[in-house]
Asker: 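Dropping a structure here in structure tokens format, bear with me for questions.
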Amino acid sequence: MHVLEQLNKWVWGAPLLILLVGTGIWLTCRLGLLQVMRLPLALRLVFKAKSEGEGDVSSFGALATALAATVGTGNIVGVATAIQIGGPGALFWMWMAAFFGMATKYAEGVLAVKYRITDDKGQVSGGPMYYIERGLGSKFKPLAIFFAVSGVLVALFGIGTFPQVNAIVSSTQSSWGIPVIVTAGIMTVVTALVTLGGIKSISQVSTKVVPVMAIIYIITCLVVLITFIDQIPHAVALVFQSAFHPAAAGGGFLGATVMMAIQSGVARGVFSNESGLGSAPIAAAAAKTKWPAEQGLVSMTGTFFDTIIICTLTGLTLIVTGVWQGDERGAMMTQAAFDAAIPYGSMILTVCLMLFAFTTILGWNYYGERCITYLFGVKSILPYRIVFILLIAFGAFIKLDAIWLLADIVNGLMALPNLIALLGLSGVVVAETRRYLQHMRSQKLG
């Protein structure tokens with residue numbers, strides 16, 4: 001355990017975070033601040049993109065599937081942990097990670113569609129393993145295999161199963177006294193019904209559940225902020241002040257250096273929106289579109305929704321209510337913020353946590369399936385789905401910290417081959433962007 005803990009600290013330490021943010025800065029420069037200049041177009045495309053060309057689901061369906069996996073307990077627990085360690089300034093550095101991460105997510109979406117293939121069952125497959133092998137060349141195939149193996153391990157033993165299952169069963173047990181075995185049984189059946197239908201089934205559920213869960217959570221956070229509206233100017237000032245000056249100790253908060261604010265903010269921001277980790281482009285590849293850049297723009301909004309909107313709302317509710325200086329930790333801190341303004345606020349948070357965790361299970365099931373298809377072909381899909389469902393069933397009763405740590409490490413390692421590909425293929429991303437924007441201009445002229 002000690003070795004794994006040290007390895008985890010090293011993998012998620014400064015070198016990877018610098019590489020992740022550095023890649024985003026490089027792409028931002030090469031694409032001419034695309035995440036600012038083209039954000040209005042990207043937001044319009046979320047709902048108006050034409051479902052033309054190859055693909056299994058609509059552009060919105062692909063985005064909803066990616067958001068299902070991305071918007072999760074990290075938006076509630078991760079933000080609380082970042083502010084608990086780094087102070088309010090951590091929120092500013094989450095914004096910075098998200099700002100440059102939008103360019104990274106855009107590039108991932110472009111390459112996912114550009115280099116996708118159709119498998120033996122007629123389903124579209126794409127993601128870093130394909131753009132590494134087909135974009136960088138066959139000599140880089142070991143990197144592609146490394147990414148795919150990492151993706152399967154994270155889906156089966158990490159983000160996709162145990163932490164989410166435990167979040168759901170512990171929430172229902174503590175809030176409503178429902179026995180673990182009952183929740184585990186219901187969750188296994190529902191997961192099986194959805195995931196056995198593949199991407200189309202997962203996308204249909206995601207397009208309905210993701211907007212609903214996001215709206216419930218956003219409205220609840222806004223109610224808290226309106227209740228403490230007089231504290232908002234001070235909270236915003238504190239975020240900017242603490243980002244560049246040490247946050248003083250107070251209440252249960254022990255104080256934080258600027259470096260702690262930067263590291264916790266960037267790390268939790270990247271962990272929340274997954275920009276650069278290589279997971280979201282697996283879903284983006286399934287979109288029905290003729291233009292890689294179009295899906296890149298739609299994918300980019302995922303980081304905007306996840307961090308700039310949802311994480312910001314979480315962070316501000318923690319600061320305006322003052323609970324960040326209390327003794328609560330993680331989800332309990334967010335629960336205290338909700339309870340400070342809303343009757344049964346903790347109940348609402350429990351529902352949000354359950355929905356966030358369940359959709360993460362669905363999204364990561366698909367990511368793992370595409371990775372195992374790359375490694376072993378379509379014959380491996382059914383065995384993979386059965387193993388995944390069994391792990392959901394038994395995950396509620398497993399307390400294996402070593403497996404969680406290992407999955408955390410492998411999740412970080414997924415980023416390395418993906419970032420190498422993004423840097424190596426940045427010229428392709430720029431060329432595809434120009435091609436699409438030229439098409440858009442000709443459409444207007446026509």
Side-chain angles (χ1 to χ4, degrees), residues 27 31 34-35 37-70 102-119 121-131 134-135 198-204 206-207 210-211 274-275 278-305 363 366-367 369-370 373-374 418 421-422 425-426 428-444 446:
L27 289 166
L31 294 165
L34 177 127
Q35 65 267 56
M37 308 304 289
R38 302 295 172 185
L39 182 59
L41 171 62
L43 291 170
R44 283 200 306 274
L45 286 170
V46 169
F47 302 104
K48 292 186 178 178
K50 295 172 183 173
S51 293
E52 296 175 338
E54 294 178 1
D56 295 325
V57 295
S58 66
S59 286
F60 180 66
L63 174 66
T65 303
L67 280 173
T70 306
M102 284 172 73
T104 308
K105 191 70 75 79
Y106 169 79
E108 289 177 321
V110 170
L111 296 173
V113 174
K114 170 83 174 169
Y115 294 106
R116 65 188 177 181
I117 64 156
T118 304
D119 66 26
K121 280 191 171 180
Q123 270 199 323
V124 168
S125 263
M129 53 279 193
Y130 292 97
Y131 56 71
R134 303 181 75 216
I199 180 61
K200 290 182 180 176
S201 176
I202 291 170
S203 168
Q204 282 172 358
S206 298
T207 52
V210 169
E274 297 180 12
S275 295
S279 48
I282 299 173
K288 289 178 183 172
T289 181
K290 290 192 289 190
W291 299 97
E294 186 172 86
Q295 189 55 36
L297 288 168
V298 174
S299 294
M300 181 178 84
T301 63
T303 299
F304 178 78
F305 291 134
Y366 179 68
Y367 292 164
E369 180 184 299
R370 292 296 93 191
T373 302
Y374 174 80
N418 183 50
L422 291 177
L425 297 170
S426 58
V428 176
V429 175
V430 173
E432 283 294 334
T433 305
R434 285 182 184 148
R435 196 166 74 88
Y436 177 68
L437 294 177
Q438 188 129 18
H439 162 72
M440 292 295 284
R441 280 192 289 271
S442 67
Q443 290 282 91
K444 280 183 183 176

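As a basis for the values below, the full set of heavy atoms in this structure was taken, side chains included, without hydrogen atoms, waters or symmetry mates. Keep in mind that this is a model prediction, so the values were computed, not measured.
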Asker: Just so I know, are the side chains of Ile117 and Val124 near enough to count as touching, which here means a heavy-atom distance under 4.5 Å?
Answerer: no

Asker: Please name the pair of heavy atoms, one in Ala285 and one in Gly127, separated by the smallest distance, quoted to 0.1 Å.
Answerer: CB-N, 4.3 Å

Asker: Begin with the C-alpha distance, continue with both residues' side-chain angles, and end with the deciding distance and a verdict on side-chain contact (heavy atoms from CB on, under 4.5 Å) for Phe60 and Leu67.
Answerer: CA-CA 10 Å; Phe60 180 66; Leu67 280 173; over 6 Å; no

Asker: According to salt bridge (Lys or Arg N to Asp or Glu O under 4.0 Å), who are the partners of Arg370, at least two apart in sequence or on a separate chain?
Answerer: Asp119

Asker: Are Met440 and Leu41 side-chain neighbours, meaning at least one heavy-atom pair lies under 4.5 Å?
Answerer: yes

Asker: Looking only at heavy atoms, which two atoms of Ala69 and Tyr367 are closest? And how far apart?
Answerer: CB-CE1, 3.6 Å

Asker: Minimum heavy-atom separation for Leu422 and Leu27, please, with both atom names.
Answerer: O-CD2, 4.4 Å

Asker: Distance from Thr104 atom OG1 to Gln35 atom CD, nearest 0.5 Å?
Answerer: 8.5 Å

Asker: Restricting to non-hydrogen atoms, name the atom on Ala284 and the atom on Val113 that form the minimum distance, rounded to 0.1 Å.
Answerer: O-CG2, 3.8 Å

Asker: Could you tell me whether the side chain of Arg116 reaches within less than 4.5 Å of the side chain of Gln295, counting heavy atoms only?
Answerer: no

Asker: Would you say that Leu34 contacts Met300 through its side chain, given a criterion of any heavy-atom pair below 4.5 Å between the two side chains?
Answerer: yes

Asker: At what distance, to the nearest 0.5 angstrom, does NE2 of His439 lie from OG of Ser442?
Answerer: 6.0 Å

Asker: Could I get the full list of salt bridge (Lys or Arg N to Asp or Glu O under 4.0 Å) partners for Glu274, not counting sequence neighbours?
Answerer: none

Asker: Which heavy atom of Tyr130 sits nearest to which heavy atom of Ser125, and what is that distance?
Answerer: OH-CB, 3.4 Å

Asker: Does the side chain of Glu108 come within less than 4.5 Å of Lys105's, by heavy atoms?
Answerer: yes

Asker: I need the Ser299 OG to Leu45 CG distance, nearest 0.5 Å.
Answerer: 11.0 Å

Asker: Take Leu39 and Met102, measure what side-chain contact (heavy atoms from CB on, under 4.5 Å) needs, and give me the verdict at the end.
Answerer: CA-CA 10 Å; Leu39 182 59; Met102 284 172 73; 3.8 Å; yes

Asker: Please find the pair of heavy atoms, one from Ile282 and one from Pro128, that lie closest to each other, and give the distance.
Answerer: CG1-CD, 4.1 Å

Asker: Got Arg38 and Thr433 here, is their nearest side-chain heavy-atom distance under 4.5 Å?
Answerer: no

Asker: Evaluate the side-chain contact (heavy atoms from CB on, under 4.5 Å) criterion for residues Thr65 and Val57: first the C-alpha distance (whole Å), next the side-chain angles of each, then the deciding distance (0.1 Å), finally the verdict.
Answerer: CA-CA 10 Å; Thr65 303; Val57 295; 5.5 Å; no

Asker: Please tell me whether Thr303 and Ser275 have a donor and an acceptor in their side chains that are separated by less than 3.5 angstrom.
Answerer: yes

Asker: Do the side chains of Tyr106 and Val429 get nearer than 4.5 Å, heavy atoms only?
Answerer: yes

Asker: Would you check if Tyr131 and Val428 make a side-chain contact, meaning some heavy-atom pair closer than 4.5 Å?
Answerer: no

Asker: ring-ring contact (aromatic ring centres under 6.0 Å, His included) with Tyr436: which residues, sequence neighbours excluded?
Answerer: Trp291

